[in-house]
2 protein chains.
Amino acid sequence: MATARPRVQGHAGPSMQDVADAAGVSVGTVSNVLNHPAKVSPATAERVREAIGRLGFVRNDAARSLVSGSTNSIGMVLADIENSLFIDMAHGAQDAARAVGQNLLLANTACDMTLQDDYLDLFDESRVTGVLLAPMEESSAGIARIRSHGRQVVLLNYAPKPGTCCSVLVNNEHVGYLAARHLIDTGRTRLAYVVAHDDYQPVRDRRRGVRAAVEEAGPDVSLEEIDSVGLTTVHGHTVGQDLARRAPGDLPDGLVAVTDELANAIIHELHTVAGIRVPDRIAVVGCENNRTAGTAAVPLTAVDMPGRMMGREAIRLLMDEVASDGRHRHATVVLEPELIVRASAPS
Amino acid sequence: MATARPRVQGHAGPSMQDVADAAGVSVGTVSNVLNHPAKVSPATAERVREAIGRLGFVRNDAARSLVSGSTNSIGMVLADIENSLFIDMAHGAQDAARAVGQNLLLANTACDMTLQDDYLDLFDESRVTGVLLAPMEESSAGIARIRSHGRQVVLLNYAPKPGTCCSVLVNNEHVGYLAARHLIDTGRTRLAYVVAHDDYQPVRDRRRGVRAAVEEAGPDVSLEEIDSVGLTTVHGHTVGQDLARRAPGDLPDGLVAVTDELANAIIHELHTVAGIRVPDRIAVVGCENNRTAGTAAVPLTAVDMPGRMMGREAIRLLMDEVASDGRHRHATVVLEPELIVRASAPS
DNA sequence: CAACCTGATTAAAGCGCATCAATCAGGGGG
DNA sequence: CCCCCTGATTGATGCGCTTTAATCAGGTTG
């Protein structure tokens, strides 16, 4: 056995030099075995591979990307990993990234903008191929920062400031429209729209769609907008309890909730707790078609967001932009939602 | 403006040298401003920081970790990002990692062992601080490989080969025991255990617990083990349909499903489709307490797995091992599950 | 036999940063 | 006036790899 080179602490593991020594070749040849096997004679390659196996050599990705100036990884920053829409986007992106030889690294911000900025910076410093960002809130500052360093970003499910980056969106106005329209088409006339965080662009868009459908229906259909404190289950319970306390005549007969969580919680309070039957007394539609929608106590009619496809499209846009060394025009891909009819608002 | 240094294509962005030139100092000083601010006089530091901002300098993490031989990131490989247990583990790990100044990078293998190995190797090559692995199947080959390179691994929710690495487990035998015991305690006598993939260690352990509870109950309680093809919803539907076709006398009156998905799908076929009331005719218990358990058509009684805490513990073990330069003894943390009683098997 | 070509291999030059010994400036004490 | 001490700064070195030009061995051709 060859004697080991002296090493400072912390720098464990054999290097290419060690492999080269063991195989009786130069480092350049070892590198070629790994990256351009065609350039190396079969016999030498075999000898090198044997040495690699014997020494347990692991290529140092830091050195590799230091030289090449780039990596093989795409970073994806997700605002809420608990939401199945985001999971779907990650899944679609994963598949597409893999197909183009890139690894997808996920980071969860749990809706914390500080964490989001940290992860954007981390990916920036890591020189990833590009970044996919699926935020909850306006994030143009962070995007601008890393874009100014030349790092490519594709925004998911949130409209960017015009011309700042590529994005993949769902036609959220149509989401709201489809939801309200379904209720109107099935004979509901006193609609309610439960909403919170009107400062989030997707939320705003959905509201516009709901309003459009109601206006289109003429004076026979009314719309009440109910402000919730937040978008999650706890807030839905509050809204549901408030509704349950109303005089029967004041109750809407059709309700659109801006998130599935809100919808399910409201149904729980009305239907299960207060005995106000869904959909008989009031039909409910959600706006995400989360994983839970189909298995809920009252299966939820919801407008489906095509998360998988969004992820795939985002990777496509990103790789397009990365490839186009020269001029690149930012693009926005808008995918259409689809209504999934279930028991909470049958046809 | 100083003239830009000539640059080969691909190596965009200002380097420390550029910053140093702009601020009229040496690279060493710029490095110190970033890493040891106390060593630099306030005036110089300010000048350097100004230059950093003006040039849009971004530290190159590859070079950084090439020198230091390590990174600031922990890699977490998850078998199934769709399962809320894994999400919970990621969440807990994230919080704990952040508390010790590490970034958590997530990777989803979608139960694909090839992908799992790829990500393990990626993290290995990236010289991450350590790796958290929450696999679906036996993974000792991959673990052994990267451990042999000196990379630390903590295994989550899957027992390692003795002495090979640290791990955080749930007492899965007790999971099965609690589930079966609850049915027995509430008067059920003809139990069934629906199971698949007996080659997965957690699945095996749960079975042992179920059997133990039944044996403990004596001859008045019987146990039938029903083999499912798989662990997911489609397989549950099949099992449910088979059960629904049985003669009423042949039906068990209590059922433990090894996953929540199986449980919910079985309840759907029995209760909703076939009209065999749950829990009246048959009580059902799940073994994970997934996010959907509480909101299902029939809220699911399930044994809860403490995912958040598992994630936190895993980070703790990992950092312990990383810190202990000298001798380290692998540890296994076993967390106890807890029964959550809901409508599908009331008390 | 010289000139030339081809394929395999090598030696050397960095990539951008952290680190550390060496240097420098500026007092204060003797 | 010289020496030493302190704090700030510098310059040089090397981390492990990829890449490129240079070298070499072994044919082939004129």
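Convention: sequence-line order gives letters A, B, ...; per-chain numbering from 1.
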Colleague: Could I get a table of every N or O pair under 3.5 Å where one atom is in the protein and the other is in nucleotides 23-28 of chain D?
Modeller:
none

Colleague: Need to verify one output field. Residue with the more 5' nearest nucleotide on DNA chain C, B:A63 or B:H36?
Modeller: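 The 5'-side residue here is B:A63.
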
Colleague: Counting side-chain heavy atoms from CB outward, which of C:dC17, D:dG16, D:dT18 is closest to A:N60?
Modeller: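 Minimum distance to the A:N60 side chain belongs to D:dG16.
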
Colleague: Considering just the side-chain nitrogens and oxygens of A:S31, establish if one lies under 4.0 Å of OP1 or OP2 belonging to D:dT18.
Modeller: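 Indeed, a polar side-chain atom of A:S31 lies that close.
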
Colleague: In Å and rounded to the nearest 0.5 Å, what is the OG1 to CE distance from B:T29 to B:M16?
Modeller: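 Here the interatomic distance stands at 10.5 Å.
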
Colleague: For nucleotides 8-11 of chain D, print each protein N/O atom paired with a nucleotide N/O atom at under 3.5 Å, atom names and distance only.
Modeller:
{"from": "D:dT9", "atom 1": "OP1", "to": "B:S41", "atom 2": "OG", "distance (Å)": "3.2"}
{"from": "D:dT9", "atom 1": "OP1", "to": "B:T44", "atom 2": "OG1", "distance (Å)": "2.4"}
{"from": "D:dT9", "atom 1": "OP2", "to": "B:S41", "atom 2": "N", "distance (Å)": "3.1"}
{"from": "D:dT10", "atom 1": "OP2", "to": "B:S26", "atom 2": "N", "distance (Å)": "2.9"}
{"from": "D:dT10", "atom 1": "OP2", "to": "B:S26", "atom 2": "OG", "distance (Å)": "3.2"}
{"from": "D:dT10", "atom 1": "OP2", "to": "B:T29", "atom 2": "OG1", "distance (Å)": "2.7"}

Colleague: Between the side chain of B:R151 and the main-chain N/O of B:V128, is any donor-acceptor distance below 3.5 Å?
Modeller: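 A pair under 3.5 Å: yes.
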
Colleague: Please report the shortest heavy-atom distance between B:A90 and B:L106, naming the atom on each side.
Modeller: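 That closest heavy-atom pairing would be CB-CD2, 4.2 Å.
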
Colleague: Can you tell me how far the CD1 atom of B:I143 sits from the OH atom of B:Y158, to the nearest 0.5 Å?
Modeller: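 Separation between the atoms: 10.0 Å.
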
Colleague: Closer than 4.0 Å, any side-chain N/O of A:R64 to the OP1 or OP2 of D:dC17?
Modeller: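 Looking at the OP1 and OP2 atoms of D:dC17, neither is under 4.0 Å from any side-chain N or O of A:R64.
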
Colleague: One thing to verify: whether A:R316 and A:E313 come together as a salt bridge, which I'm taking to mean a side-chain N less than 4.0 angstrom from a carboxylate O.
Modeller: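 Yes.
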
Colleague: Using five pairs at each end of the helix from C:dC1-D:dG30 to C:dG30-D:dC1 to define an axis, what is the angle between those two axes, to 10°?
Modeller: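 One end's axis against the other's: 70°.
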
Colleague: Check this for me: does any side-chain nitrogen of one of B:D124 and B:R145 sit under 4.0 Å from a carboxylate oxygen of the other?
Modeller: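 Not counted as a salt bridge, because no side-chain N and carboxylate O are separated by less than 4.0 Å.
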
Colleague: Distance check, rounded to the nearest 0.5 Å: A:S65 atom OG versus B:D61 atom CG?
Modeller: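 These two atoms lie 8.5 Å from each other.
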
